[in-house]
Amino acid sequence: MQRTPRLALLVPLLLCACSGEAARDTLATHAPSPQGVEPATIAVALSGLPEFSRLRAMASRSGMAASLANPQTTITLLAPRDSAFAQLPSETRAALAATPPAALQPMLRALMIPRVIHAEELRTRIIDGGGSLSITSVAGTPLNFRLAGEQLIVIGANGAGANMGTADLATGNGAIYVLDHWIGPSG
């Protein structure tokens with residue numbers, strides 16, 4: 001059987017640089033992994049996707065990259081794309097860039113759920129909860145979820161909302177949802 005090169009798997013994702021369902025479904029379907037095997041860790045999955053360079057830089061500066069690479073850590077990561085950061089006002093981007101490494105950790109923890117929750121379970125729990133679901137992040141802040149048609153929506157503690165698409169990317173140590181807006185603290 002012929003193996004598909006990793007770059008070929010990334011092309012559809014790169015062509016879907018816009019936010020929305022098609023881009024997130026492309027990520028879930030075409031994440032960089034050989035022979036359909038899920039990436040070993042969240043860090044491995046993010047490492048092959050250039051649209052998460054700002055998130056990777058925050059994780060590296062904060063010292064949290066090791067947690068994302070640890071196969072024993074099981075989390076769900078709400079991962080804002082670089083375009084989500086670009087939408088922020090320039091003063092907010094500057095504040096985030098100037099945030100000391102120790103202060104970045106709670107910001108990133110606010111984007112993490114302390115267990116793996118895949119899209120079907122999340123959708124079921126939202127429906128069973130009467131149309132919404134609240135989950136506490138690793139930082140101890142509320143994350144509120146709802147559906148807009150088939151789209152999963154999350155509202156962070158700062159009141160900002162983001163589209164999560166319709167699917168997650170499963171990894172060996174968790175799950176990733178791609179966000180089209182920043183929902184974390186702003187520095």
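The model shown is predicted, which means the values in this text are computed figures rather than measured ones. For the numbers below, each heavy atom of this structure counts, side chains included, while hydrogens, waters and symmetry mates do not.
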Minimum heavy-atom distance between A119 and A167, given as atom pair plus value: CB-CA, 4.0 Å
Short side-chain to backbone donor-acceptor contact, T76 and I117, under 3.5 Å: yes
A45 versus I176, closest heavy-atom pair with distance: CB-CD1, 3.8 Å
Spacing of L111 atom CG and M58 atom CE [to the nearest 0.5 Å]: 7.5 Å
Sidechain-backbone polar pair: S60 side chain, R56 backbone, donor-acceptor under 3.5 Å: no
Inter-residue atom distance R81.CZ - L55.CG, 0.5 Å rounding: 12.0 Å
pair F145-R125: side-chain heavy atoms closer than 4.5 Å: no
Nearest heavy-atom neighbours spanning L77 and I42: CD2-CG2, 3.7 Å
Nearest non-hydrogen partners of F52 and D82, listed with the distance: C-OD1, 3.6 Å
Straight-line distance of L122 CG to I135 CD1, nearest 0.5 Å: 6.0 Å
Whichever hydrophobic residues join I155 through chains of side-chain contacts under 4.5 Å: I153
Inter-residue atom distance M64.CE - L108.CG, 0.5 Å rounding: 6.0 Å
Donor-acceptor pair, side chain of N158 and main chain of P185, under 3.5 angstrom: no
Side chain N173, main chain N70, donor-acceptor under 3.5 Å: yes
Close side-chain approach of R115 and I75, heavy atoms under 4.5 Å: no
OH on Y177 to CG on N163, rounded to 0.5 Å: 12.5 Å
Minimum heavy-atom distance A110-T141, with the two atoms named: CB-OG1, 3.8 Å
Heavy-atom pair with the smallest gap, counting every atom of V116 and G174: CG2-CA, 3.5 Å
Heavy-atom side-chain proximity of W182 to T92 below 4.5 angstrom: no
Any donor-acceptor pair under 3.5 Å from R109 side chain to V138 backbone: no
I126 side, atom CD1; L152 side, atom CG - distance, nearest 0.5 Å: 5.5 Å
Donor-acceptor contact present, side-chain T99 to main-chain A95, <3.5 Å: yes
